S.K.: 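Sending over a structure as structure tokens; questions will come in a sec.
This one's a predicted model, so the numbers in the text were calculated from it and none came from an experiment. Numbers restart at 1 for each chain; the letters A, B, ... are given by sequence-line order, proteins then strands. Only this structure's heavy atoms are used, side chains among them; waters, hydrogens and symmetry mates stay out.
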Protein chains: 2
Amino acid sequence: MKPTVHDIAREAGVSLATVDRVLNRRPGVRAATRERVEEAIDRIGFVRDVAAANLAKSRTYALAFVIPESDNSFMQALRDEVADARLRGALERTDIRLIAVPAFDEAALAQALDALIDNPPAGVAVVAIDAPAIQARMERLHEAGVAVVTLVSDLAASGRDHFTGIDNLAAGRTAGSLMGRFLSSRAGAVAVIAGSLRLGDHRDRLTGFSERLGEIAPTIRLLEVMESQDDPARVEALLNSAFRDHPDMIGVYNLGAGNRGLVAALTQTTGEAPVAIAHELSPLTRKALEDGLIDAILNQDPGHEIRSAIRVLKARADGLPVIAAQERIRIDIFLKDNLP
Amino acid sequence: MKPTVHDIAREAGVSLATVDRVLNRRPGVRAATRERVEEAIDRIGFVRDVAAANLAKSRTYALAFVIPESDNSFMQALRDEVADARLRGALERTDIRLIAVPAFDEAALAQALDALIDNPPAGVAVVAIDAPAIQARMERLHEAGVAVVTLVSDLAASGRDHFTGIDNLAAGRTAGSLMGRFLSSRAGAVAVIAGSLRLGDHRDRLTGFSERLGEIAPTIRLLEVMESQDDPARVEALLNSAFRDHPDMIGVYNLGAGNRGLVAALTQTTGEAPVAIAHELSPLTRKALEDGLIDAILNQDPGHEIRSAIRVLKARADGLPVIAAQERIRIDIFLKDNLP
DNA sequence: AAGAATATGAGGTACGTAAATCAGAAATTT
DNA sequence: AAATTTCTGATTTACGTACCTCATATTCTT
């Protein structure tokens, strides 16, 4: 039979109250007694029954998710996943609030965080803009005992407890590998479009891509990176002019959002189709993959990210350790053949 | 506040006992009353608190995993994951038994299943051999009210409730895509090694691979498939002779186990390295990826599979529906750049 | 209409933990 | 040695559900 708190008490020769004090780090236990209890816990292999504990605590974890209200499908999916998690809240004893803030708007984000500082939940997950004002607020939350997680895009250095998102340098390298191998030994130019190089994740992807492509396909000429602000129209315009200016363009990597523009530009190309690689699986990119317009999609699963963030926030709120390996978000590669 | 059974009782104007009878399908409730209660449940949006329910039931789910005792790293990993899940059992209220049976041994598997029929757990997960004797036993278990899941390798048609594993046809196509694209427009031969074509998953992979490679790279000459019985030594021998017999061999796909033999054979090749694709990430294949010996690894995550199987078995044991989308096992593609 | 059968109500205990109270013991200070 | 502070024990209630018993109400049989 699974050992219970009563077994600890008996085993350590103390009362239930003392066991409770030790288990829940309440004061009023001499060091010697505490050790006796902990030793008994180890000896009989007691594991707290989380279900019963939560039931007794009737604890709910108040969590807040701060996510930009961009209309790109990835952020949309992220918000949808939060909404889903919100519905599951009753079962998981979470009370989740979704706070949508204007995208790229540092002031609005800062304001949202200030509101959270005034009325702090147990944990906060933020798709952060890497700016001092934001970092300062993250640290303030952290110091107030709030569990803090950055989502998708990390801060350079911050009071965050954890980053939930992919390794964007590795993602860029992966894109570089695929581009290089798909192009094989062909010679020509490759265009790269970023949303904004002020975003840490976009910078990392660019770095990784350039490095790896250089290693694997030195004959390729990498065009200067273009910035789209994640705007599909701009992506399309930039690409169209690039195709015009560089007739030998044989590859495109869109490392940001705005894939609608990528697909539009690719549809218009004539002659041999360029190799196209982009990020984030959506109905649009899925169809483009199936149609052969796009050759590979790198993806981070928004559902995984939200669920991981929730697990981490709950664990941190309880002062429990996080199993890093379990919370690593994978870089998925999708071809038309392994679509989920 | 989350509604409880008491709220249902009040709302439906019945006693707690009646609510309990309705919730747990106990007899002794008139149809009209039952409807009143169910209507109240819907109206107030009651969701049973699973944690409290399990606590009250002090229910544990007795589950059995039947897995071949092959020494290849994937089956090893699968068994390790079961062992891990076993340790978590106290928390998740599962009592998991791992039954290792000799690989490829139909009689031993049948015997193991017979033992389970005599002393049926709540759920069984089996890495099944596709044979009538096995199917019959699966159906017998199913009819005895045991939740039944096939693991990794599915049966053609069976009384199973669910298949936990990847779509192997899609996996084969994915391998075909990668092989075709990595080889680009080169001409030459590609070798395929299977474990045994009597295994459904290996057959599917082969079919997918051949189809897709034919579509994408018609200039490639596909050598006749070789069978290794998942034995590394045989894989190596087969490959060595293939390299000798076909000097234009530019690609290898090992769709079964025995990657140690693949790596050994690849290490000995001279001249331009062939494109190599294999299944299952392990320390060995990981290193081969990093060293550039292997170009891509397709992977199914054993941890995901075991956890998914447990979720499905628990849900089935409770008569709850399974969210198919959530239980789909993905085909992971790993290059040296996106290793986890 | 009496008896039998079936529905329902009322109330309790249990699951394993949290959290509180209060009394008494032990250690520390004065 | 007395007063104070710090530990510890004993006991209780609560969380939401399951499951049991017993009593009473309602319906069905004959």
S.K.: Could you tell me whether D301(B) and R330(A) make a salt bridge, using a distance below 4.0 angstrom between a side-chain N and a carboxylate O?
M.R.: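 Salt bridge flag = yes for R330(A) with D301(B).
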
S.K.: Per the end-axis method with five pairs at each terminus, what is the bend angle of the helix from dA1(C)-dT30(D) to dT30(C)-dA1(D), to 10°?
M.R.: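 Rounded to the nearest 10 degrees, the bend comes out at 20°.
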
S.K.: Tell me every residue that passes salt bridge (Lys or Arg N to Asp or Glu O under 4.0 Å) with D167(B), counting only those two or more places apart in sequence or in another chain.
M.R.: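 Salt bridge (Lys or Arg N to Asp or Glu O under 4.0 Å) list for D167(B), sorted by chain: empty.
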
S.K.: Going by the rule side chain to side chain contact (heavy atoms under 4.5 Å, CB included), which residues pair with S70(B) if we only count those two or more places apart in sequence or in a different chain?
M.R.: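 Per chain and number, S70(B) pairs via side chain to side chain contact (heavy atoms under 4.5 Å, CB included) with P68(B), N72(B), M75(B), A103(B).
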
S.K.: Residues two or more places apart in sequence or in another chain: which of them pass side chain to side chain contact (heavy atoms under 4.5 Å, CB included) with A122(A)?
M.R.: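 In terms of side chain to side chain contact (heavy atoms under 4.5 Å, CB included), with neighbours along the sequence ignored, A122(A) is linked to R59(A), A317(A).
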
S.K.: For D7(B), which residues count as a salt bridge (Lys or Arg N to Asp or Glu O under 4.0 Å) partner, sequence neighbours excluded?
M.R.: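 Only R10(B) meet the salt bridge (Lys or Arg N to Asp or Glu O under 4.0 Å) criterion with D7(B).
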
S.K.: Taking salt bridge (Lys or Arg N to Asp or Glu O under 4.0 Å) as the definition, give me every residue that meets it alongside R26(B), ordered by chain and number, with sequence neighbours left out.
M.R.: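 Applying salt bridge (Lys or Arg N to Asp or Glu O under 4.0 Å) to R26(B) gives D20(B).
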
S.K.: I'd like to check the salt bridge (Lys or Arg N to Asp or Glu O under 4.0 Å) partners of R307(A); sequence neighbours left out, ordered by chain and number.
M.R.: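 For R307(A) the salt bridge (Lys or Arg N to Asp or Glu O under 4.0 Å) partners, ignoring immediate neighbours, are E81(A).
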
S.K.: Applying side chain to side chain contact (heavy atoms under 4.5 Å, CB included), can you list everything that pairs with S308(B), at least two apart in sequence or on another chain?
M.R.: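 S308(B) satisfies side chain to side chain contact (heavy atoms under 4.5 Å, CB included) with T164(B), R311(B), V312(B), E327(B), I329(B) once adjacent residues are dropped.
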
S.K.: Reading DNA chain C in the 5' to 3' direction, which nucleotide is the first one with an atom under 4.0 Å from a heavy atom of chain B, and which is the last?
M.R.: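 Nucleotide range with atoms under 4.0 Å of chain B: dA7(C) to dG16(C).
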
S.K.: Whole angstroms only, please: what is the CD1-P distance between I8(A) and dT8(D)?
M.R.: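 Interatomic distance, CD1 of I8(A) to P of dT8(D): 16 Å.
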
S.K.: Base, backbone or nothing for each nucleotide of nucleotides 13-28 of chain D, written B, S, -, heavy atoms under 4.0 angstrom, 5' to 3'?
M.R.: --BBBSB-------S-

S.K.: What residues form a side chain to side chain contact (heavy atoms under 4.5 Å, CB included) with A12(A), not counting sequence neighbours?
M.R.: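 With neighbours one apart ignored, the set is V14(A), V37(A), A40(A).
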
S.K.: Enumerate, atom names and distances included, each donor-acceptor pair closer than 3.5 Å involving a side-chain atom of residues 109-121 of chain A, sequence neighbours excluded.
M.R.:
{"from": "D114(A)", "atom 1": "OD1", "to": "R137(A)", "atom 2": "NE", "distance (Å)": "2.8"}
{"from": "D114(A)", "atom 1": "OD2", "to": "R137(A)", "atom 2": "NE", "distance (Å)": "3.2"}
{"from": "D114(A)", "atom 1": "OD2", "to": "R137(A)", "atom 2": "NH2", "distance (Å)": "3.2"}

S.K.: Measuring to OP1 and OP2 of dG9(D), would you say a side-chain N or O of T18(A) lies under 4.0 angstrom away?
M.R.: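 For T18(A), the contact criterion (side-chain N or O under 4.0 Å from OP1 or OP2 of dG9(D)) is met.
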
